[in-house]
> 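This is the structure I want to talk about, given as structure tokens.
Naming: A, B, ... by sequence-line order, numbering from 1 per chain. Just so you know, these numbers come straight off a predicted model, no measurement behind them.
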2 protein chains.
Amino acid sequence: MIKLIPTRIPIKVGDKFIAILNEHTAHKLDLHAGDRVLIKNGRKGEIRALLDVTENGEIRDTEIGLYEESWDKLKAKRGDKLVITVAEKPLSIMYIKDKLEGKVLTKKQIDEIIQDVVEDDLSDVEIAYFAAGCYTTGLTDQETVDLTKSIVEHGSRLKFHKKVVVDKHCIGGVAGNRTTMIAVPILTYLGLTMPKTSSRAITSPSGTADTMEVLANVTISGPRLQQIANKVGGFISWGGGVDLAAADDRMIRARHPLSLDPPGMLLASIMAKKHSVSSTHVIIDIPVGPQVKIKTKAEGQKLAAKFVLLGKKLGMIVKVVLTNGEEPIGNGIGPILEAIDVMKVLKNEKDAPQDLKEKGIELSAELLELCGKAKKGTGEAIARKVLESGNAYKQMMRIIQAQGPSKIPLVPGKFTQKVVARKNGKIVTLNNGLIAHIARTAGAPTDKGAGVFLNKKIGDTVKKGEVLYTIYAEVAERLKYSEEYDLNGVFIIK
Amino acid sequence: MIKLIPTRIPIKVGDKFIAILNEHTAHKLDLHAGDRVLIKNGRKGEIRALLDVTENGEIRDTEIGLYEESWDKLKAKRGDKLVITVAEKPLSIMYIKDKLEGKVLTKKQIDEIIQDVVEDDLSDVEIAYFAAGCYTTGLTDQETVDLTKSIVEHGSRLKFHKKVVVDKHCIGGVAGNRTTMIAVPILTYLGLTMPKTSSRAITSPSGTADTMEVLANVTISGPRLQQIANKVGGFISWGGGVDLAAADDRMIRARHPLSLDPPGMLLASIMAKKHSVSSTHVIIDIPVGPQVKIKTKAEGQKLAAKFVLLGKKLGMIVKVVLTNGEEPIGNGIGPILEAIDVMKVLKNEKDAPQDLKEKGIELSAELLELCGKAKKGTGEAIARKVLESGNAYKQMMRIIQAQGPSKIPLVPGKFTQKVVARKNGKIVTLNNGLIAHIARTAGAPTDKGAGVFLNKKIGDTVKKGEVLYTIYAEVAERLKYSEEYDLNGVFIIK
């Protein structure tokens, strides 16, 4: 038993307890960074804390450093003598090691891990080991089901008094793919409930949440989301703004440094988010193409089967649509450029991008038929009518109003650079990775008006000197950066 | 490009740069905890920092928090505008992911990883992923060689102008096993160079460094160690006090939360420490027994082959000795109790523990013959003579003098509890894990005088009421804690 004097570290670390010893004291006490200790301040308070060890001397040998949460909880005062004892490691550590060794975990063991993740009782290093185990030794179908359920059970949920709640998800990889913003107004206009939470860009020029944010507030709390859905049928909000599937967010954080996507965890992550908003009917959009995650139809079908099976075990009806992942959807890439595309489609403007419109209608039709709102073969006509009649646009305005309209003007960046064809020919393919890099270099998604507008797409014939695409930036020097890229290598013309 | 105002966080984090953003700003900038950023303060300074993200509001949206090292290096002042840009991830991240996927790494790739470990350019989470990869997918023999070399090349080294530098290492698991403190004086008396760095206890009641610390200072810098070895031929110091194999220490830290011992990493860790003190001839002591790491001779021989091979590739001559791992060596367990044992052996006292003496002589003999200082079959007699003549004791006193003698009196804890036999019989086995727990509970290694003294050992016949072992503590209440254990379950008497 060791008594140490508390010293206050004037920093908050979030809802968790962290204490620091200097290296010398830690060695003497045979304690290591990441160990758990019980710290007792007489009758004033007691905490279970994760230990950190510092190499430098600002914490003295007789002291223990306490971040603000720990200091407050212990009602610590300078001069107190805190009793430090070693606490047991949580059981979940053992299960994480089991997973690393390739053992199959039970629901109860997965629950232990997820509970400790949510309660901040596992460090990022420990969660990283769990992700590493899932990555190297894999998760069985049953483990994936259990993991998904466990994530949902240990997070907050949105519930609706509806028999049918529809949802869609795209596994990503295609720029400009803003079909959510077409489908949600169509389907909610038809009386369906569609509580859509979306992500921000991670490595892409814009995520649906970034693009929607140009039009409306997307950082909305759970109770407020429930109100909005009850009022207008649905919303398009940022998933990170609400505490759904909190364990998943922490696990994503630990996976981020290596961009680690263990297949089972990825499935669990997506489906937990659908399950936590009480979705009953879900369309999964899997783009297939040589430059996206899923390269072939066979690969897509294999993944599709996993989604359908997992959905079934969770009580959700899931349909997977394999879509064209060869080029961006719509013409704009970047938040404002994409939002302009979306509004043109909803307003039925002449120069609206037809691919975005048709894909939006297709996914809406699939959902209408999947949930029984439309008979087989009639979904497309119904969805098209809602869109072309202007009702989807009116509905979108209601949703924007309910979420809180934004004041951002729909104007792209004022600095532009046009890239023109160097020869006559037909566009046979385009480099998706490169176009995304260029859009990000121009400033997207941070600079909302930055990005790329595709004046041409695959299959178009072009003449020498014709504009292929336009780069937009809000800051002049951002355009210069893109000179590092082979701007003429974006389109392959033959 | 984003400009943020620096805010000082009055904490040192060691020789590295860490910056903090609040969650909101991080999301806006599409940055995540663990990302690397370049931070530039005009012409005043520039750093490459690891990013942390905080959930609470003490860092404002327009601010970036800087720990002291970063604040100082940037010559930051409140009101400065720092330019933040995303920095590329180090190449080593890619190689770590390769390892997780089971790929075999080249020396160059391992070098990248180890260099970034040493330069603090990899976070604990990233190093944990490397350990996980080594654990789940293993290291080839060549990777183990490369890892060992790389750890040595990226740390400081001790060099001696000697053709022969001897060393020994025990892979652990046996309490009281202080043969180093017998062998170093014998061999250095004979003119050999033996620069022995030892570890402190991690889960045991005492490590060689803890026991030696009772007699002399063990926290000694590299240049000073070199002087001592040149003067008296060798030393027994704490490995953690000198910056040898620094990468290994950081990797051990990342492995600690899961107590992860990837076999290749373990080998590399041990051999890197030998190589970094320029050892040429090394004896590895592998205790074999049902209660230690290595359960059978066959297992021991398999591991032995790996040590010999790795040694060969590093230019070291390695011999492995499989020893009895059934019970503690010597009678004392705990720093002072073990130091008393060692001094009794060196002083040739009548009640000196014979097993410690004989094992010390055996390992010394092996080293004498291995390095050619003694002809085959003559090593034992030579070592015994040095010990029994009192020359080893005199040499030990020289070493203690050179390291700096300690002032700790060689007196065990004053609170004792004797555990007696409940029946007549012969001791057939003892529970090593339990005896270690009891010694630790009594206060070892923190309380130097705490521990256990074994009055009897395996093979002894005992009478009912005879003392089997004695628990020593420096604090009375520490003795009470041991009541939780089945004290009579330590010895099995039949």
> Between B/Ser123 and chain A, with a heavy-atom cut-off of 4.5 Å, which part of the residue counts as in contact: side chain, backbone, both or neither?
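For B/Ser123, no heavy atom lies under 4.5 Å from chain A.
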> For A/Lys40, I'd like to know if atom NZ has over 12 heavy atoms of other residues, nucleotides or ligands within 6.0 Å.
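No.
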> Roughly how far, to the nearest 0.5 Å, is the CG atom of B/Leu31 from the NE2 atom of A/His256?
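Reported value, rounded in 0.5 Å steps: 8.0 Å.
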> Could you report the tightest heavy-atom contact between A/Pro257 and B/Glu126, atom names first, then the distance?
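Closest pair (atom of A/Pro257, atom of B/Glu126, distance): CB-OE2, 3.4 Å.
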> Near B/His437 NE2, under 6.0 Å, is it more than 12 heavy atoms from other residues, nucleotides or ligands?
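Incorrect, the count does not exceed 12.
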> Taking all non-hydrogen atoms of both residues, which atom of A/Tyr129 and which atom of B/Ala254 are closest, and how far apart?
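Reported closest heavy-atom pair: OH-O, 2.8 Å.
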> Relative to chain B, which of A/Val125, A/Leu258, A/Thr136 shows the most heavy atom pairs under 4.5 Å?
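So the answer, after comparing A/Val125, A/Leu258, A/Thr136, is A/Leu258.
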> For A/Lys16, I'd like to know if atom NZ has over 12 heavy atoms of other residues, nucleotides or ligands within 6.0 Å.
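It does: A/Lys16 NZ has more than 12 such atoms within range.
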> Would you compute the distance between atom CD1 of A/Ile9 and atom CD1 of B/Ile9 and round it to the nearest 0.5 angstrom?
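With rounding to 0.5 Å, CD1 (A/Ile9) is 11.5 Å from CD1 (B/Ile9).
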> Let me know if A/Arg255 has heavy atoms under 4.5 Å from chain B in its side chain, its backbone, both or neither.
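It is both, since atoms from each part get that close.
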> So for atom NZ, which belongs to B/Lys73, do other residues, nucleotides or ligands contribute more than 12 heavy atoms lying within a distance under 6.0 Å?
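Counting other residues, nucleotides and ligands, NZ of B/Lys73 stays at 12 neighbours or fewer.
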> Taking side-chain hydrogen bond (donor to acceptor under 3.5 Å, both in side chains) as the definition, give me every residue that meets it alongside A/Thr137, ordered by chain and number, with sequence neighbours left out.
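Partners of A/Thr137 by the side-chain hydrogen bond (donor to acceptor under 3.5 Å, both in side chains) criterion come out as none, since no residue qualifies.
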> Find the distance between CD1 (B/Ile93) and CG (A/Leu260) and round it off to the nearest 0.5 Å.
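Going from CD1 on B/Ile93 over to CG on A/Leu260, the span is 11.0 Å.
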> Apply salt bridge (Lys or Arg N to Asp or Glu O under 4.0 Å) to A/Glu213 and list each qualifying residue two or more places apart in sequence or on a separate chain.
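Salt bridge (Lys or Arg N to Asp or Glu O under 4.0 Å) check on A/Glu213 returns A/Arg200, A/Lys448.
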> Please tell me if the side chains of A/Lys97 and B/Ser259 come closer than 4.5 Å, counting only heavy atoms from C-beta onward.
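A side-chain contact under 4.5 Å exists here.
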> Please identify, among A/Ile127, A/Asp124, A/Ile96, A/Leu100, the residue contributing the most non-hydrogen atom pairs under 4.5 Å to chain B.
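Of the options given, most contacts go to A/Leu100.
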> Given a strict heavy-atom distance threshold of 4.5 Å, which part of B/Arg36 is in contact with chain A: side chain, backbone, both, or neither?
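Answer is neither: B/Arg36 stays 4.5 Å or more from chain A.
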